[in-house]
Amino acid sequence: MARGVAGPEIERLIQLLARLPGLGPRSARRAALTLLKKREALLGPLAEAMRIASERVVVCASCGNVDTSDPCAVCTDASRDGSIIVVVEDVSDLWALERAGALHARYHVLGGVLSALDGVRPENLAIDRLVARAAEPGVREVIVALNATVDGQTTAHYVTEALAHLPVTVTRLAHGVPVGGELDYLDEGTLSAALKRRTAM
Ligand code: ZN
């Protein structure tokens with residue numbers, strides 16, 4: 001390991017920051033320096049926010065979302081459409097769909113996708129809990145919103161099979177041309193999926 005530019009405390013801060021997604025060692029040093037320079041405006045409030053998060057954040061036993069309460073704010077939000085459950089791989093996907101704001105429904109976080117390579121098996125994911133929730137009265141549709149990767153689609157098929165005996169409609173996200181996308185830049189798989197699943201104007 002390279003010799004540190006600062007004392008062990010600051011080096012530790014840098015090393016911890018470097019473990020965050022999207023931050024390499026160089027960005028971590030820059031982030032650490034910014035934090036140290038803006039001690040009152042940034043470092044203090046951040047440390048406090050992190051302390052509160054580490055003490056109070058829990059995983060919702062129903063949907064797998066993270067929040068400061070269990071059940072989470074999404075599960076207890078009475079204005080949401082309780083007849084639809086959107087299945088996602090991770091909480092980051094739940095957040096992304098919420099940012100899109102296209103649907104005001106409930107979610108179910110699987111906690112990963114099936115992967116022979118990484119040894120992720122059905123019992124490692126929250127699939128049983130999803131089946132139990134989908135069997136509750138009032139649930140009409142389960143939207144499988146998993147990544148369009150091989151593992152994501154394998155998992156989508158598995159989830160669909162697991163729900164097949166229930167009186168719910170199982171749907172999945174459309175594949176195709178992204179909003180603002182140019183055909184010339186798209187890969188063959190995306191183009192062929194878009195053609196196959198074309199819709200009437
Ligand atoms: Zn929840």
Side-chain angles (χ1 to χ4, degrees), residues 16-17 19-23 45-175 178-179:
L16 288 170
L17 286 169
R19 289 198 209 162
L20 294 173
L23 283 191
L46 180 69
E48 177 66 4
M50 288 171 104
R51 189 186 62 76
I52 291 170
S54 89
E55 281 171 8
R56 292 182 35 201
V57 168
V58 287
V59 175
C60 176
S62 175
C63 77
N65 187 16
V66 290
D67 201 352
T68 51
S69 62
D70 176 19
C72 71
V74 172
C75 283
T76 53
D77 180 355
S79 72
R80 286 176 186 268
D81 184 351
S83 72
I84 300 176
I85 298 174
V86 186
V87 180
V88 291
E89 175 180 338
D90 204 354
V91 175
S92 59
D93 303 317
L94 187 162
W95 288 353
L97 290 168
E98 278 295 289
R99 278 201 305 276
L103 204 62
H104 202 54
R106 298 196 200 286
Y107 292 90
H108 190 85
V109 181
L110 288 181
V113 284
L114 298 174
S115 166
L117 204 66
D118 299 327
V120 182
R121 299 160 59 83
E123 56 268 32
N124 302 128
L125 305 177
I127 295 175
D128 288 350
R129 197 144 42 81
L130 168 66
V131 175
R133 285 184 72 199
E136 283 170 13
V139 177
R140 285 187 295 107
E141 183 180 356
V142 174
I143 304 175
V144 183
L146 297 175
N147 292 333
T149 56
V150 173
D151 286 344
Q153 293 311 295
T154 305
T155 311
H157 281 291
Y158 188 91
V159 166
T160 307
E161 287 293 312
L163 295 168
H165 65 289
L166 295 175
V168 292
T169 307
V170 183
T171 57
R172 66 164 178 82
L173 298 186
H175 294 164
V179 174

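Each ligand, and each atom within it, is numbered from 1 in the order the structure gives.
Residues His165 and Val131 meet the side-chain proximity criterion, which asks for heavy atoms closer than 4.5 Å.
Under the 3.5 Å distance criterion, the side-chain polar atoms of Arg140 are left unmatched by any main-chain donor or acceptor of Ile84. With hydrogens and angles ignored, the 3.5 Å screen pairs no side-chain donor or acceptor of Arg172 with any backbone N or O of Leu146. Side chain of Asp67 to backbone of Ala73: a donor-acceptor contact under 3.5 angstrom is found.
By the criterion of a separation under 2.8 Å, the protein N/O/S atoms near the Zn ion (ligand 1) amount to Cys60 SG, Cys63 SG, Cys72 SG, Cys75 SG.
Salt-bridge check for Arg51 with Glu48: passed, with a basic side-chain N closer than 4.0 Å to an acidic carboxylate O.
Taken from CG in Leu110 to CZ in Arg129, the straight-line distance is 9.5 Å, to the nearest 0.5 Å.
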